[in-house]
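These notes concern the structure reproduced below.
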Amino acid sequence: MDRIEQLEPTGLFGANVPRYTSYPTAPHFSDAFGAAEAGRWLAELPGREPLSLYLHIPFCERLCWFCACRTQGVRNPEPVARYLEVLKAEIGLLAAALGERRKVARIHWGGGTPTILSPTQIIDLTGTLRRNFDIAPDAEFSVEIDPTAVDEAKIDALALGGMTRASIGIQDFDPAIQRAIGRAQSFDLTARVVRQLRAAGIVSLNTDIVYGLPGQTLDGIRASTEAVLSLDPDRVALFGYAHVPWIAKRQRMIDADTLPGPQARLALVEQTETQFVRAGYQALGIDHFARPGDSMALAARQGRLRRNFQGYTDDNCEALIGLGASSIWKLPGGYLQNAPATAHYAGRVQAGHLAVTKGYALSLEDRVRAAFIERFLCDMSVELGALEKEFGSFVELIRPDINRALDRFGHWLYWHRGQLRLSPDGKPLARLIASEFDAFLRGGTARHSQAI
Ligand SMILES: C=Cc1c2[nH]c(c1C)Cc1[nH]c(c(CCC(=O)O)c1C)Cc1[nH]c(c(C)c1CCC(=O)O)Cc1[nH]c(c(C)c1C=C)C2
Ligand SMILES: C[C@H]1O[C@@H](n2cnc3c(N)ncnc32)[C@H](O)[C@@H]1O
Ligand code: SF4
């Protein structure tokens, strides 16, 4: 039986499921949360633990049609400059809410396009962070970089500000695909930015690529992946294109008839995975690859990989605080999210409040489900004994889900020495299997992206 025939009965090719960068996923956050709840959860944080900060820059000079991230196009610098002032004010509000000068071990700037900031603005923002927080000398500071919106002066400013890791958007190097997704970016320009980042002392360089793009073929993605490999990135994220025009309106520019179907997507992702593994990369979680010496690959081998809103991380901080419009927080009590619309976000901060407008308090049952889904999507196996150590008999709450998953996916899912394991050829099923443990999905009406 060929692979497609074997996987067909699982429903994989017709399923839509979340990516589980959190459990519950963001659409389940409630608006019963605001600055007061955020303040209370911040006050309850244990004092000595270092924090992680995520800063969102929701602006781009170009708006790629395929993109589902929260961002808006800008033609002139004013909105960005105004936003930066609000972001700096929000940093001050956060430091005040924390009460004491707190240690920060991780900073991530994402977007949108953080490199839309000028060198002066970059220095201004890193300076504001350093004035308000005690940034550890070995702190990891990663920045999402658009190669078409960066130059040497910006890279120097970021390096001066402490950037240690860079993540650059590639998606696909094929000019025909780039035309179909409204995103032109030559290999030469990308390679030049990679050289500049390396020269600036970046210890870890990530690249993002996407399968399932309009008109993408096996030969096309093979050549594009070869080009990515020639840049020798330390890490690669291989995302499945999520066509969700009801969320990201700009995706209406993409003709759905040109999108590879689910069976074709499976072939695209599996061919590309093989290419990375043959080139010496270690597969991590559902969609990442890393050089074996990279810290994330090491974390994965040691069972320390974590899933968060940026995908995968080796960050073990207890508190991830989101700054900027739409940013998501994860605190011991649960999740919070800042106002998604930039104007609403700015209004809250200008009125002197933290910009949180949504959130979710985790119950013990949620925590069991979240822990299972996180370990499963990080390790492709879950040691039930470890969950029992943490949650005691509450683990029994997911016993029916385990049995249902074994019934439905028994060809790929099996017990081995107390671990529920997914066999390597069952990897495309990982999100679908995780969704068996999602109590919000049963009977729910949310529309998600394709499972493969
Ligand atoms: C890798 C970067 C991406 C981020 N979001 C998406 C991508 C590709 C796409 C995406 N996000 C959501 C969906 C729909 C549900 C699903 O398929 O899982 C898709 C296709 C859900 C979602 N993720 C976030 C939020 C707030 C939502 C709800 C949708 C909504 O509010 O309308 C959080 C989030 N994810 C990303 C960012 C930048 C972000 C918010 C800060 C990255
Ligand atoms: C931050 C990263 O998110 C990925 N990204 C952005 N939009 C989408 C989408 N619709 N589907 C899949 N991946 C996407 C890109 O690879 C980008 O670089
Ligand atoms: S892919 Fe990057 S540059 Fe393109 S619209 Fe999305 S955030 Fe902006």
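Throughout, residue positions are numbered sequentially from 1 according to the sequence presented. Atoms within a ligand are numbered from 1 in the order they appear, just like the ligands themselves. As the structure is a prediction and not an experimental result, all values here were calculated from the model.
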So is there a nitrogen or oxygen of D208 less than 3.5 Å from a nitrogen or oxygen in ligand 2?
yes
| message | Measuring from non-hydrogen atoms of G112 to any atom of ligand 3, is the shortest distance under 4.0 Å? | response | yes
Counting from 1 in the order shown, the ligand 3 atoms closer than 4.0 Å to a non-hydrogen atom of D146 are 3 (S)
Within-4.5 Å side-chain heavy-atom neighbours: F187 and S230: yes
Fill in: Any N, O or S atom of C60 closer than 2.8 Å to atom 8 (Fe) of ligand 3
yes
Closest to atom 1 (S) of ligand 3 by heavy-atom distance, out of R250, E144, R183, Q185, is R183
Note: ligand 2 atoms sitting under 4.0 Å from heavy atoms of G240 are 11 (N), 12 (C)
Here the atoms of ligand 3 under 4.0 Å from any heavy atom belonging to C67 are 1 (S), 5 (S), 6 (Fe), 7 (S)
The single option from Q302, R106, R304, R306 that satisfies side chain to side chain donor-acceptor pair (under 3.5 Å) with D314 is R106
- prompt: With a 4.0 Å cut-off, would you call E273 and K427 a salt bridge?
  reply: yes
Heavy atoms of T258 and P214 approach each other most closely as OG1-CB, 3.3 Å
Counting heavy atoms under 4.0 Å, the part of V210 that contacts ligand 2 is side chain
